[in-house]
Amino acid sequence: MVGHQNTIYEATAPAAMYVAGILTHPAATTPRPYRNVPIRAALLNWLASTAYDASDEIVGRTEQHFPDFLAPGTIVASFRDRRPMLYRAVSPFLRDSHEDVREAAVIAAIILAEHPAFAEHRDHLAVHARSILDTSGNGHNQRVAQKALEAWGHDAPGSEPFLEGSWGWEPHSDGRSYLEPPF
């Protein structure tokens, strides 16, 4: 298993690094069967959902029940240490010409940017987050963008404060889960 219900496994970090490494491969532009979306967008969505599984929100909830959950050397700590590398792999696609790739990259970058090393990028990402609020028809992605803007101290134009405790991962419109591997 690579991931299931917010669980980071031993194989998750190597799989995420592999996925990050193949984002630039020409085959990643191949449309996904039955969806007419580049595989790259699906890979970026998978990285976003996996990064969420190791996010401060999920780790915080888990640590309430398992205090040593994030101790140095744990599987989750090891994955979280790789977030800067994952961010660097995702960020070139923030301005991709394909809307689905661009939106998936923004969502992944927003989640990965909670790492302290990327606090300086949050103002730049806020521009992309506002674009998601203005143009995306995906309610989940809008909630991620809105929640990030609020967490970073930015106004989210035309929106009410997001008070729910979750980023709101939901199934794809075609019934597939965000946790379903895109490859």
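Only a predicted model underlies this, so the values are computations on that prediction, with no experimental measurement involved. Nothing fancy with the numbering, it's 1 onward along the sequence.
Counting heavy atoms from C-beta on, the side chains of Ile107 and Asn45 never come closer than 4.5 Å. Looking at Thr29 and Ile39, their side chains never come closer than 4.5 Å, going by heavy atoms from C-beta outward. With a 4.5 Å cut-off on side-chain heavy atoms, Ile110 and Trp152 count as touching. At least one side-chain heavy atom of Ile58 sits under 4.5 Å from a side-chain heavy atom of Tyr52. By the 4.5 Å heavy-atom criterion applied to side chains, Val59 and Val76 are counted as neighbours. Contact of the Trp46 side chain with the Val2 side chain is registered, since non-hydrogen atoms from C-beta on lie closer than 4.5 Å. Between Asp123 and His154, the closest side-chain pair of non-hydrogen atoms falls below 4.5 Å. Looking at Leu112 and Phe118, their side chains never come closer than 4.5 Å, going by heavy atoms from C-beta outward.
Residue Tyr18 is grouped with residue Ile8 when hydrophobic side chains (ILVMFWY) are merged at heavy-atom distances under 4.5 angstrom, including chains of intermediate members. One hydrophobic cluster holds both Met17 and Val19 under the rule that ILVMFWY side chains link at heavy-atom gaps under 4.5 Å. Residues Met85 and Ile75 fall within the same hydrophobic cluster, defined by Ile, Leu, Val, Met, Phe, Trp and Tyr side chains chained together at heavy-atom separations under 4.5 Å.
Between Leu86 atom CG and His115 atom NE2 the span is 10.5 Å, to the nearest 0.5 Å. Between the CZ atom of Arg130 and the OG1 atom of Thr135 there is a distance of 13.5 Å, given to the nearest 0.5 Å. With values rounded to the nearest 0.5 angstrom, Leu43 atom CG is found 8.5 Å from Arg32 atom CZ.
Closest non-hydrogen pair, Ala20 versus Ala89, comes out as CB-CB, 3.6 Å. The heavy-atom pair separating Ala108 from Ala48 by the smallest distance is CA-CB, 3.7 Å. The heavy-atom pair separating Ala77 from Pro72 by the smallest distance is CB-CA, 4.5 Å. Closest of all the heavy-atom pairs between Ala109 and Leu94 is CB-CD2, 3.8 Å.
Checked by atom type, the side-chain pair Gln146/Gln142 shows no donor-acceptor distance below 3.5 Å. Judged purely by distance below 3.5 Å, without hydrogens or angles, the side chains of Glu103 and Ser136 pair a donor atom with an acceptor atom.
Side-chain atoms of Arg122 come within 3.5 Å of backbone N or O of Ala113 as a donor-acceptor pair. Under the 3.5 Å distance criterion, the side-chain polar atoms of Arg40 are matched with a main-chain donor or acceptor of Leu23. Side chain of Thr50 to main chain of Leu47: no donor-acceptor pair is present (N/O by atom type, distance under 3.5 Å, no hydrogens or angles).
For residues 63-85, every residue pair satisfying the side chain to side chain donor-acceptor pair (under 3.5 Å) rule, not counting sequence neighbours, is listed here: Asp56-Arg80, Ser78-Arg82, Arg83-Glu114.
For His121 and Tyr87, the ring centers are positioned less than 6.0 Å apart.
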Could you please spell out the steps behind the side-chain contact (heavy atoms from CB on, under 4.5 Å) verdict for Arg95 and His128? CA-CA 9 Å; Arg95 296 190 184 275; His128 293 288; 4.2 Å; yes
Before giving the answer on side-chain contact (heavy atoms from CB on, under 4.5 Å), spell out for Leu44 and Val90 the whole-Å C-alpha distance, their side-chain angles and the decisive distance to 0.1 Å. CA-CA 7 Å; Leu44 287 162; Val90 164; 3.8 Å; yes
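With sequence neighbours excluded, the residues forming a side-chain contact (heavy atoms from CB on, under 4.5 Å) with Phe66 are Thr62, Phe69, listed by chain and number.
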